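Computed from a predicted structure; not experimentally measured. Order of listing sets the numbers, starting from 1, for every ligand and every atom in it. Position 1 is the first residue of the sequence; numbering continues from there.
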Amino acid sequence: MNIAIDGPAGAGKSTVARMVAERLGYLYIDTGAMYRALAWAVDHHHVPVDDEAAVAALLRESTIALRRTEDGQLVLWNDQDITDKIRTPQVSQYASVVASYPQVREQMLQLQRAMAAAGNVVMDGRDIGTHVLPDADVKIFLTATIEERAKRRLAELAQKGISSDLHSLKREIAERDKRDSERKVAPLRRAEDAHLIDTTNLTLSQVVDRVMQICKRTGEADS
Ligand code: DC
């Protein structure tokens, strides 16, 4: 079975996807981390972020890998471990810009489909159910209010020792939502056959339980 989990920034996709993958013994693929890796490299190598051809060329000449370890998933850019460098507000903004480029998305699509080819993956992102894995067995679309998503992001950043404030996080998330939803290629959109879960008033384990129930129902219906 392949499981696609999409939704806007801060809706809880990564945590939920990771936990569902763990429970099922599936491979978790965080596609946002791949756009973030490229965004980090653009910044690190001083490539102009508004130059689509230059950004796409950088991706073409590089490798991105997600490596599973006992301590979680590592994000490697040209074999360099950049896991701890890709969650800053700067990288978040750049990721949303580079993700709007068709030449970048086309390459990411190929990479992501190759990663999922063996099956039994939980993949999270913005366009997994609509573009990357349109035939996924289970599609989930997670949402939450902007206020709640900003609060979660604030707590997440605080845990990593990065200080921020709710007001600017809300603004950043709203900007990213707008860019991710309005771009021409593979915008953030709920697939028609995706199950919608509003996580605003749900705990993490409630969301995971709901996703597991959907997976179970789908598995039973298929067998
Ligand atoms: O899920 P995230 O915040 O780590 O994603 C970072 C950015 O990458 C986000 O602004 C949207 C983009 N993205 C995308 O366009 N398509 C995906 N499948 C995953 C992420």
Enquirer: Under the salt bridge (charged side-chain N to carboxylate O under 4.0 Å, His left out) test against Lys139, which residue among Asp127, Asp193, Asp124, Asp6 passes?
Expert: Asp193
Enquirer: Testing the 3.5 Å rule here: is there a donor-acceptor pair between the side chains of Thr218 and Asp137?
Expert: no
Enquirer: Indicate whether the side chain of Thr130 and that of Arg189 have a donor and an acceptor atom separated by less than 3.5 Å.
Expert: no
Enquirer: Quick one about Gln110 and Glu106 (side-chain donor to acceptor, distance below 3.5 Å, no hydrogens or angles considered), yes or no?
Expert: yes
Enquirer: Does either side chain, that of Asp198 or that of Thr200, offer a donor lying less than 3.5 Å from an acceptor on the other one?
Expert: yes
Enquirer: Using heavy atoms and a cut-off under 4.0 Å, could you grab the residues that are in contact with ligand 1, chain by chain, numbers ascending?
Expert: Lys13, Thr31, Gly32, Tyr35, Arg36, Arg87, Ala95, Ser96, Ala99, Arg105, Gly125, Arg126, Asp127, Ile128, Arg153, Arg176, Asp180, Arg183
Enquirer: With a 3.5 Å cut-off and no angle check, do the side chains of Thr199 and Arg210 form a donor-acceptor pair?
Expert: no
